[in-house]
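For reference, the structure discussed in these notes is given below.
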Amino acid sequence: MEFELPSEHRMTREMVREFCDEEIAPIAQEIEEEHRFPAEIFDALADLDMLGVPISEDYGGLGGDQLLYALVTEELGRVSGSIGLSFAAHVSLASKPIELFGTDAQKERWLTPLAEGEYLGSWALTEPSSGSDASDMDTIAERDDDGYVLNGTKQFITNASVAGSILLKAVTDPGAGYDGISTFIVDPENDDGFSVSTEWEKMGLNASPTCEITFDDCWIPEDRLLGSEGEGWKQTKKTLQGGRVSIAALSTGLAQGAFEAAREYATEREQFGQSISKFDAVRDMIVEMDRKIERSRLLTHKAATMYDDGQDVTRISSMAKLDASETSREVAEDAVQVLGGYGYTTDFAPQRFYRDAKLMEIGEGTSEIQRLVLGRELGL
Amino acid sequence: MKILVTVKEVAEAEDDFDIDGLDIDERYLEFDLNEWDEYAIEEAVQIKEDGDDVEVVSVTIGPERAEETIRMGLAKGVDRAIRVWDDAFADVGMLDPKTKADVLSAVVEDEQPDLVLTGVQAGDDSFGATGVTLAETIDFEWGAVVNALDLDAGAGVASVHRELEGGIEELTDIELPAVLTIQTGINEPRYASLRGIRQAQSKPLDLHELDDLGLEESDLESPLSRTAMYEPESEGDATVFEGSAEETATELASLLRDVGVVEG
C-alpha cells in the first residue's frame, strides 16, 4: 500500500498547477462567456507534452501512466472544466483507442498527430435517439468496393468542430446486435459527406464544443476501419473504462477548485464580527467538501493504479466516476452557498464549477448507468 | 564552456502566520525555488541552447527536502545538479554570505566553471551579497544586478546591462571567468515540459558533504547569528480611495493639501 506519489508525478502536478494558475485561471470565466474554444491554450499544452501523456513514445506520446494522466486531468479541472473536458475526450476517447486497437500504419498516420498535439481528436458514440442504450444505434456503414459509406447522425460529440480525427461507431451488421458495431476513423477536414450540423449552447462547459454531426453518404477507404468489423462494442467498453477514470479525475479537480474558492472566501469574509469560517454551519460545509474530495481522489488514484497494473477496472472505474461526479456537484453547490450572493455572480468561480459539475453525472455513462454496472459487478 | 548556477530553495510564508522561536512556524511555510534563481537558470539554459558544447550545472546548499526543487531545474534544461549538505549545516542554522561563499568556492574549485550565475538575492533572508562575495573569494570578475546579458563565448566577454539605483542602467563588458548576479525580468522563465520532468528523474543530482569538498565543520562558523524573530508593528494606515478617477483624484488632492505635501 503506497499512498505517496512518485517524484515525477509530484513534479508534474506542481508544474501543471503553476501553468493552470498563471495561464488558464485568468481566462477561465471569459472563455465561457464568449463560448470560445481556447486553441492557444491547447497549443501551449502541446508544447509542454501534455496532449499525449499516456500514449507511447513511439507515436509521439509521453509514455506516462494512467495515474500521471489522472493528475494532469485533475489539475486542468481545478481551473477550467471546459479545457479539462476537451483534454480528457482527446486523450481517453480519441487517442487511446487508436493505440489499443489500431495497426502500426494507423497509429503512424492518426495517433502521432494527436499525441504530439498537432490537433485535437474526437469520438462519436451517442445518437439523437440512443444515449444510455448506446448499442442501439442507427448510424450505418455499408461496404462499397474498397471502402465504406457512412450514413447517420451523432449527438453531443465533444471537440467534433475542432478535431483532426473522429472515431465513429457505426453498424456494419444490422442483425448482429453488440457484435454488429465497428469503429471507423473519420477525417472531418477531407471526407466528403461529413458535416457539423449543430454546436450546442449548454448550461456550462461552453468553451468546449459539443456538436451534432451528420454523415450523408460519406465514403471512407477501408483502411479507416479500427480493428476488425464487429469489434466496436468491445472496444467501446474498454475505452470507457479508461475514460471513466479521467472523468473521475476531472470531477475531483472541479470539486477541488470549488473547495479552494469556498475556503478562501470563508476565511476572509467577516460577519457578526468574525470570519464566517468560525461559524459551525460554514466550517462543517467546508470540512465535508474536504472529506468528499479526499474520498473521490483516493478512488480515482486507485482506479488509475489498477488500470496501470493491467487489472480489470470495470467496478473501480465506474465507482470512482460515480463518486467523484457526485462529489463535484455537491461540493460546487455548497461552494456557491458559502459565497452567498457573491457565489451566484459570475465574478466568482463556484457557479462555473456548479454548472460544469452537472455534466459529470451525465457524460461517459450517467450515474444511473454506473449503478447498473456496479450492481452487475455485485451479481445483482 | 561550463556555467555554474547557484540556486536556493526558499521558504515563503502565508499571509497569516505564527512565529515559533527564531523562525516562522513551518506549518505556514511553503518551499520553492528562489524567484531570482529561476531567471538565472533560464539565462544559463538559453546560453546552452544558443551555443555549442555548453554544460549547465546547478549547485545548492540545502537539505534533502530541496531535491525536488533542484530537479525542476534539471527538467528545464540544467544538465546536472550538486547538492551540498551535511548534518553540520543543520546545527549551524543561519549561514552568512561569506560562509556560503566559502562553501560554494570549494565547488567552483572542483568544477572550474567559465561563468557563474546567481540570483541577485534570496527571497527569504535577502542578503543580496552571496554572488559578489563568491566572486571576491574565488577571484573572478563580477557584475551585480544584471538585467541583460550578451555573451561572446569565443572572446570570453560578457556584455551586460546592470540596473542601478534611480533607474540608471550601466553597460559594462566583463571578462570571463566571471560571476553575474541575475535580476528578475532578464528573460521569461519557461515551464518545465512533461518530457523534461521525465528526463530529469535520471539526470545526476549528487550529494557533496563537507569532507568531499575538503571543508571542516569549523568552516561553517558564522559571525552572524539570529537572535530574535518578531513581527514589526505596522505604523500608519493605508487609505484606499474607491470610485471614479475624478472622485478619487479630488479626494487625493485634498488629502495631499491636508498633510502639507501640496500648498494652497
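The distance from atom CD of E14(A) to atom CD of E68(B), rounded to the nearest 0.5 Å, is 7.0 Å. In this structure, CD on E18(A) lies 7.0 Å from CG on D32(B), to the nearest 0.5 angstrom.
Applying the 6.0 Å contact sphere to CG of D15(B) captures no more than 12 heavy atoms from other residues, nucleotides or ligands. Residue E209(B) places its CD atom among more than 12 non-hydrogen atoms of other residues, nucleotides or ligands, all under 6.0 Å distant. By the 6.0 Å contact criterion, CG on D87(B) is open, its count of non-hydrogen atoms from other residues, nucleotides or ligands being 12 or less. Heavy atoms of other residues, nucleotides or ligands lying less than 6.0 angstrom from CZ of R190(B) number more than 12. Around CD of E40(A), the count of heavy atoms belonging to other residues, nucleotides or ligands within 6.0 Å exceeds 12. Heavy atoms from other residues, nucleotides or ligands lying under 6.0 Å from CG of D18(B) number more than 12.
Closest approach of M15(A) and I197(B) over heavy atoms only: CB-CD1, 3.9 Å. In plain terms, the two heavy atoms of G60(A) and R195(B) that are nearest each other are O-NH2, 3.6 Å. Heavy atoms only, all atoms of each residue included: G196(B) and D49(A) are closest at N-OD2, 4.4 Å. For the residue pair M11(A) and M72(B), the shortest heavy atom distance occurs at O-CE, 3.4 Å.
Annotation: side chain of D16(B) is not in contact with side chain of T267(A) (no heavy-atom distance under 4.5 Å).
Between the side chains of Y191(B) and E22(A), not a single donor N or O lies within less than 3.5 Å of an accepting N or O.
Using modelled atom types, one side-chain atom of R198(B) and one backbone atom of G63(A) make a donor-acceptor pair closer than 3.5 Å.
Contacts of R71(B) with chain A are made by both backbone and side-chain atoms, with heavy-atom separations under 4.5 Å.
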